[in-house]
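To start, the structure itself, in structure tokens.
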Amino acid sequence: MKAFALIILLVLISEFARSQSEVRQHFYTQVQGYYGKPIIYSDSLTSKSLSQPFMAASYRFGVQTNGERHQDQYFGFPKYGLGLFHVNLNNKDTLGNPWALYMFYNAPIFRQGKFQLNWDGGVGLAWNFAKFDSITNPQNDLVGSSFTAYFSFALNAEYRISPRISVNAGVNFIHFSNGTLQTPNKGMNLYAANLGLSYYFQMKPQSSFKPAELKKVPSTKIVKSNELDLTMAIGGKATRSEYGMGPKYFTASSTLDFYHRYHWVGKYGAGLDWFYDTSLKEDYTEMVSSSKYMFVGAHLGHELMISKFTFVTHLGTYFYKGTQAKGAFFFRLGIKYYIIPELYTSISLKTVNGFKADYIEWGMGYRFKFKSRKNGIFL
């Protein structure tokens, strides 16, 4: 989980440096309040202890895009940035009161005058959970670690009441999970309504403030190109053999992808995978060759490109298995962030036996482009 905190720091430094070179800078800050209830699925926590309404708050710092990048025009001039979230679950000793640092992306579904309807997604790192402990906290069968990943999805409406200020309201779904880094890992789900206030500003001094001009300009026709992506990732995994107190096993993977860039917002392709999972030691009663922990596979893939992020989807199968574990096929869902056009960080969830979570991959990668671009921008 500390690796993800480093990724967020790299994103912050990179985005701030990039924003200084924009033709016009349009930033905003936002505060939001939440009121909601947990979604209950616990074997040991009572409905009364877990179903109490909660209150939460978040603070965001973001950028309002104005179409300088081609992807931003195709997605309706979205907003993106970093946020800090805190929730009071009214059960500090058993559940904790988590915080989360996350990256968000907010894009319009409908815009008319001063009003717009948006979808909003976030991913980050959460901490300050009261984790499961067989002696001191045996009731918490939802979260086995004090750190988890944070995921959110929301629909919200926004109304601009002045050039600098807007109000927003919406509904949120929030999920916390550690990706089997430690058991138990049922995860925690929250749903809530929110109400917020945004303030827009510019870093560079201006004689008067003007909102970002959201106007489309003719797109440069993309020169279709090919690329080779090499990603190396590591992770950790716990099993149910010693519920809540078991060892953490090392995992590793490498992926080699061939992609064809077909549009400003997408690329598709196929690739090869190598996996190494030491948690499979528990399947044997004696020492075995390390090849028993290895898998080799292949996948079909697509990446949806939004600003400097890509959303990765893979569907794969194995053609070499050190053991018969893990089923016939797997999925990978992830996000890449490009620090520079060639170098990226990544976080992804690899599944087993279809859609069951296997482990989280924390990775770095490099992209080799086969065809240079003569016009436009690549990212």
Side-chain angles (χ1 to χ4, degrees), residues 1-19 25-36 54-65 72 75 77-89 96-108 116-129 147-158 164-178 187-201 203 212 306-309 311 334-337 345 347:
M1 290 299 179
K2 292 180 180 179
F4 195 73
L6 178 59
I7 291 174
I8 291 178
L9 180 61
L10 290 173
V11 170
L12 178 60
I13 295 171
S14 175
E15 283 301 304
F16 182 78
R18 186 199 63 79
S19 68
Q25 301 175 33
H26 301 277
F27 297 91
Y28 77 104
T29 61
Q30 183 185 73
V31 291
Q32 287 183 310
Y34 302 77
Y35 181 81
F54 66 82
M55 297 186 70
S58 73
Y59 171 79
R60 288 180 168 187
F61 175 84
V63 176
Q64 168 63 70
T65 62
D72 296 337
F75 289 103
F77 308 101
K79 292 177 284 197
Y80 63 89
L82 292 172
L84 183 65
F85 175 83
H86 179 57
V87 57
N88 181 358
L89 294 172
N97 288 325
W99 290 80
L101 180 65
Y102 63 95
M103 297 176 287
F104 70 87
Y105 190 88
N106 181 287
Q116 64 185 62
L117 179 67
N118 308 306
W119 68 268
D120 186 288
V123 58
L125 174 69
W127 66 94
N128 203 39
F129 281 93
F147 286 83
T148 74
Y150 165 94
F151 304 94
S152 69
F153 181 80
L155 294 174
N156 62 67
E158 181 177 2
R164 287 184 179 272
I165 298 174
S166 68
V167 293
N168 61 82
V171 290
N172 289 72
F173 173 78
I174 298 167
H175 175 69
F176 300 98
S177 172
N178 65 32
M188 184 181 297
N189 293 328
L190 311 175
Y191 66 93
N194 69 73
L195 183 64
L197 184 71
S198 300
Y199 178 79
Y200 293 82
F201 62 96
M203 289 288 193
I306 300 178
S307 297
K308 299 182 77 172
F309 297 89
F311 293 82
I335 297 175
K336 292 180 180 177
Y337 175 79
T345 63
I347 175 174

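Note that these values count all heavy atoms, side chains included, but never hydrogens, waters or copies made by symmetry.
- In this structure, CZ on Phe147 lies 6.5 Å from CG on Leu125, to the nearest 0.5 angstrom.
- In this view, Phe54 satisfies the ring-ring contact (aromatic ring centres under 6.0 Å, His included) rule with no residue, not counting sequence neighbours.
- Atom CG of Leu155 and atom CH2 of Trp119 lie 10.5 Å apart (nearest 0.5 Å).
- Annotation: side chain of Leu101 is in contact with side chain of Trp127 (closest heavy-atom distance under 4.5 Å).
- Using a 4.5 Å heavy-atom threshold, the side chains of Val87 and Tyr34 count as separate.
- The shortest distance between side-chain heavy atoms of Tyr80 and Met103 does not fall below 4.5 Å.
- Phe129 pairs by the ring-ring contact (aromatic ring centres under 6.0 Å, His included) definition with Phe176, not counting sequence neighbours.
- Annotation: the span from Met188 atom CE to Thr148 atom OG1 amounts to 8.5 Å, rounded to 0.5 Å.
- Looking at Tyr337 and Thr345, their side chains come closer than 4.5 Å, going by heavy atoms from C-beta outward.
- The shortest distance between side-chain heavy atoms of Phe85 and Ile174 falls below 4.5 Å.
- Put simply, the side chain of Tyr102 does not reach to within 4.5 Å of the side chain of Phe151, judged on heavy atoms.
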May I have the step-by-step check of side-chain contact (heavy atoms from CB on, under 4.5 Å) for Phe61 and Leu82, ending in yes or no?
CA-CA 6 Å; Phe61 175 84; Leu82 292 172; 5.6 Å; no
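- Under a 3.5 Å cut-off, the side chain of His86 and the backbone N or O of Ala100 do not form any donor-acceptor pair.
- Checked against side-chain hydrogen bond (donor to acceptor under 3.5 Å, both in side chains), Asp120 has the following partners two or more places apart in sequence or in another chain: Arg60, Asn106.
- The side-chain contact (heavy atoms from CB on, under 4.5 Å) check on Tyr28 picks up Gln30, Lys79, Phe104, Ser198, Tyr200, with sequence neighbours excluded.
- One distance of note links CH2 of Trp99 with CG of Asn128; it measures 8.5 Å at 0.5 Å rounding.
- Listed by chain and residue number, Asn90, Asn97 satisfy the side-chain contact (heavy atoms from CB on, under 4.5 Å) test with Asn88 (two or more places apart in sequence, or in another chain).
- Scanning both residues, Pro98 and Leu89, for their nearest heavy atoms gives CD-CD1, 3.7 Å.
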Expected list for residues 165-173: side-chain donor-acceptor pairs under 3.5 angstrom, two or more places apart:
| from | atom 1 | to | atom 2 | distance (Å) |
| --- | --- | --- | --- | --- |
| Ser166 | OG | Glu158 | OE2 | 2.7 |
| Asn168 | OD1 | Gln32 | NE2 | 3.1 |
| Asn172 | OD1 | Asn194 | ND2 | 2.2 |

